[in-house]
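Sharing a structure with you now.
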There are 2 protein chains.
Amino acid sequence: MATSRSHRPATRSRGIPEATVARLPLYLRALTTLSERSVPTVSSEELATAAGVNSAKLRKDFSYLGSYGTRGVGYDVEYLVYQISRELGLTQDWPVVIVGIGNLGAALANYGGFASRGFRVAALMDADAALAGKLVAGLPVRHIDELEAIVEDNQVSIGVIATPAGAAQEVCDRLVTAGVTSILNFAPTVLQVPEGVDVRKVDLSIELQILAFHEQRKAGEQGQGPDGDVPAVMPA
Amino acid sequence: MATSRSHRPATRSRGIPEATVARLPLYLRALTTLSERSVPTVSSEELATAAGVNSAKLRKDFSYLGSYGTRGVGYDVEYLVYQISRELGLTQDWPVVIVGIGNLGAALANYGGFASRGFRVAALMDADAALAGKLVAGLPVRHIDELEAIVEDNQVSIGVIATPAGAAQEVCDRLVTAGVTSILNFAPTVLQVPEGVDVRKVDLSIELQILAFHEQRKAGEQGQGPDGDVPAVMPA
DNA sequence: TAGATTGTTAATCGATTAACAATC
DNA sequence: TAGATTGTTAATCGATTAACAATC
């Protein structure tokens with residue numbers, strides 16, 4: 001949701017809208033499931049249902065990639081998997097580092113979805129020296145002192161921050177200085193980054209708060225009703 | 001991002017746009033930080049910077065809530081904290097259950113952001129009987145068999161699913177049947193839910209794929225350049 | 001009063017959707 | 001050929017932004 005993409009007129013690298021880019025992984029997942037079931041072709045209607053969108057939107061999205069379907073028939077599953085993967089850049093190898101190996105960092109390290117999609121965990125790092133050498137998801141945790149060397153040696157361009165909020169900005173700065181240009185941030189902080197660096201944020205608390213907002217509305221509908229609108233008084 | 005809100009014309013429960021609702025937690029976090037520093041008032045410009053948005057957007061967002069600022073002065077921090085909390089429904093208690101206590105579930109249970117905002121973890125549940133009784137974040141893990149009883153006894157309306165993809169839909173069905181009407185889903189699956197149930201999805205793999213897309217563009221800009229456009233041939 | 005800053009307007013932009021001509 | 005389904009158009013809708021009048 002919060003992506004800083006200041007290096008470009010945004011939303012149309014090569015003409016593909018951000019909203020479309022954000023849905024390509026959904027299509028890809030649905031297609032991968034079909035592929036595993038050896039389904040040869042799929043219609044926009046079927047695929048849209050599987051991905052949880054409507055078919056008009058899906059066809060519009062695909063139209064930005066090219067004309068990969070066949071009228072009257074649908075889309076070739078394997079061909080589309082390849083085209084979307086290529087478009088997303090998943091046909092190449094992306095070494096990532098995960099910084100902060102608490103429960104969350106460990107969960108990320110163990111997450112199967114990483115490896116299966118061209119993302120390779122190059123290293124796990126933590127500031128806690130006591131953790132160094134410990135195996136997590138089969139990889140030894142390394143001390144944060146090694147950050148710069150690891151990023152450079154492995155040509156890491158994507159960093160995942162799973163540290164406490166207080167450490168996030170410093171880790172971010174070090175990653176960026178070492179050459180990382182994309183950051184996935186799980187710490188509940190707004191990160192400041194220079195131009196050309198992308199930050200995406202995953203915030204558990206924010207998602208819950210949005211749910212609470214809607215939940216509150218549901219309760220209001222059924223029973224007690226909203227308790228008045230804007231108060232007329234101002235703060236003291 | 002993927003929310004099904006079929007019980008309403010969406011995007012304007014009481015007139016507040018979805019995009020605005022999604023930003024209220026950001027403002028709230030920035031305001032909480034200011035509050036802790038005992039800052040009495042803040043301008044839209046300062047607060048916007050802290051939240052990572054521009055000030056025009058912030059003022060527009062706040063205008064949906066009411067006129068809580070003072071021209072020439074700014075916003076009273078405490079007052080605004082209260083108003084946004086109230087709007088989001090955080091002035092009440094929200095019991096939540098977390099289902100699936102692997103690394104991710106444990107990370108969620110330990111996440112401080114929950115408790116601090118009216119969210120109370122009513123129970124941790126897992127299908128693995130061997131885990132039952134084990135303490136995680138000070139709470140005993142309970143067996144999934146108890147799901148219905150726990151949801152009913154605690155009046156839980158928000159459920160968090162941190163199970164493997166294969167188990168997610170069944171857990172979701174059971175939660176919904178037991179009375180849960182909002183679900184935060186960490187499993188990489190599209191959940192089917194009846195009308196009136198909200199689902200929000202957090203997907204680690206999707207966020208990484210979006211980063212990879214932009215990362216690929218950056219590489220293309222500097223060096224090798226995009227390798228031709230839409231191919232002229234169709235699948236075999 | 002003069003300076004500062006909000007709240008709102010209006011223009012612009014991007015995303016969604018229905019409908020259907022093109023075409024397999 | 002007849003039926004099915006894509007790819008695209010055009011209308012609509014929602015979100016963003018700059019600018020500024022209102023007003024503290």
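Keep in mind it's a predicted model, so treat the numbers as computed, not measured. Heavy-atom basis, side chains included; hydrogens, waters and symmetry copies ignored. Chain naming here is simple, since letters A, B, ... match the order of the sequence lines and numbering starts at 1 in each.
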request  = Specify the separation, in whole Å, of atom CG of A/L47 and atom C1' of D/dT5.
outcome  =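 Result: 14 Å.
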
message = Tell me the interatomic distance from B/E46, atom CD, to C/dA4, atom P, rounded to whole angstroms.
response =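 Roughly 13 Å, once rounded to whole Å.
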
inquiry  = Can you tell me which nucleotide in D/dT16, C/dA15, C/dA18 comes closest to the side chain of B/R23?
reply    =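 Output: D/dT16.
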
ask   = Do B/F114 and B/Y111 make the cut of ring centroids closer than 6.0 angstrom?
value =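 When the ring centroids of B/F114 and B/Y111 are compared, they turn out to be within the sub-6.0 Å range.
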
task = Take A/S35 and A/E78 through the side chain to side chain donor-acceptor pair (under 3.5 Å) test and state the conclusion after the steps.
result = CA-CA 7 Å; A/S35 171; A/E78 296 303 326; 2.7 Å; yes

request  = Please state how far atom CG in B/L80 lies from atom P in C/dT6, giving the value in whole angstrom units.
outcome  =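 After rounding, the gap between these two atoms is 11 Å.
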
Candidates D/dT16, D/dA15, C/dT17 - which lies nearest the side chain of B/K60 =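 When the side chain of B/K60 is considered, D/dT16 is the closest of D/dT16, D/dA15, C/dT17.
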
inquiry  = From the set D/dA15, C/dT8, D/dT17, return the single nucleotide nearest to any side-chain atom of B/S63.
reply    =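 Looking only at side-chain atoms, B/S63 lies closest to C/dT8.
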
request  = Identify, between B/S44 and A/R59, the residue whose nearest nucleotide on DNA chain C lies closer to the 5' end.
outcome  =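 Nearest-nucleotide comparison on DNA chain C picks B/S44.
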
Aromatic ring proximity, centroids under 6.0 angstrom, B/Y68 and B/Y75 =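 Between B/Y68 and B/Y75, which both carry aromatic rings, the centre distance is not below 6.0 Å.
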
query = To the nearest angstrom, how far is B/F62 atom CZ from C/dT8 atom C1'?
reply =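 Distance, rounded to whole Å: 16 Å.
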
query = Of the nucleotides C/dA18, D/dA15, C/dG7, which one has an atom closest to the side chain of A/A56?
reply =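 Nucleotide nearest to A/A56's side chain: C/dA18.
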
key: Rounded distance (Å) that lies between atom P of C/dT23 and atom OH of A/Y75   =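 Spelled out: OH on A/Y75 to P on C/dT23 is 15 Å.
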
Lys/Arg-Asp/Glu bridge criterion (N-O < 4.0 Å) met for B/E87, A/R217 =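 Salt bridge between B/E87 and A/R217, a charged N being under 4.0 Å from a carboxylate O: yes.
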
request  = Starting at atom CD of A/E18, determine the distance to atom C1' of D/dA15, rounded to an integer number of angstrom.
outcome  =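 That distance rounds to 15 Å.
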
key: Whichever of B/E45 and A/V73 has its nearest DNA chain C nucleotide further upstream toward 5'   =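 Of the two residues, B/E45 wins.
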
key: Complement of C/dC20, any strand, by Watson-Crick or G-U distances under 3.5 angstrom   =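 Matched C/dC20 with D/dG7 under the 3.5 Å cut-off.
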
inquiry  = Can you tell me whether the side chain of A/R71 and the base of D/dT6 have a donor-acceptor pair closer than 3.5 Å?
reply    =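 Indeed, a donor on one side and an acceptor on the other fall under 3.5 Å apart.
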
Mate of D/dG14 where both pairing distances stay under 3.5 Å, Watson-Crick or G-U =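 Per the H-bond distance test, C/dC13.
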
ask   = Taking atom P of C/dT6 as reference, at what distance in whole Å does atom CG of B/L58 sit?
value =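 Rounded to the whole Å, the gap is 8 Å.
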
query = Applying the salt bridge (charged side-chain N to carboxylate O under 4.0 Å, His left out) test to A/D203, which of B/R200, B/R117, B/R29 qualifies?
reply =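 The salt bridge (charged side-chain N to carboxylate O under 4.0 Å, His left out) with A/D203 is passed solely by B/R29 among B/R200, B/R117, B/R29.
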
request  = Provide, to the nearest angstrom, the distance between the OH atom belonging to B/Y64 and the C1' atom belonging to C/dT8.
outcome  =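 Computing the B/Y64:OH to C/dT8:C1' distance gives 10 Å.
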
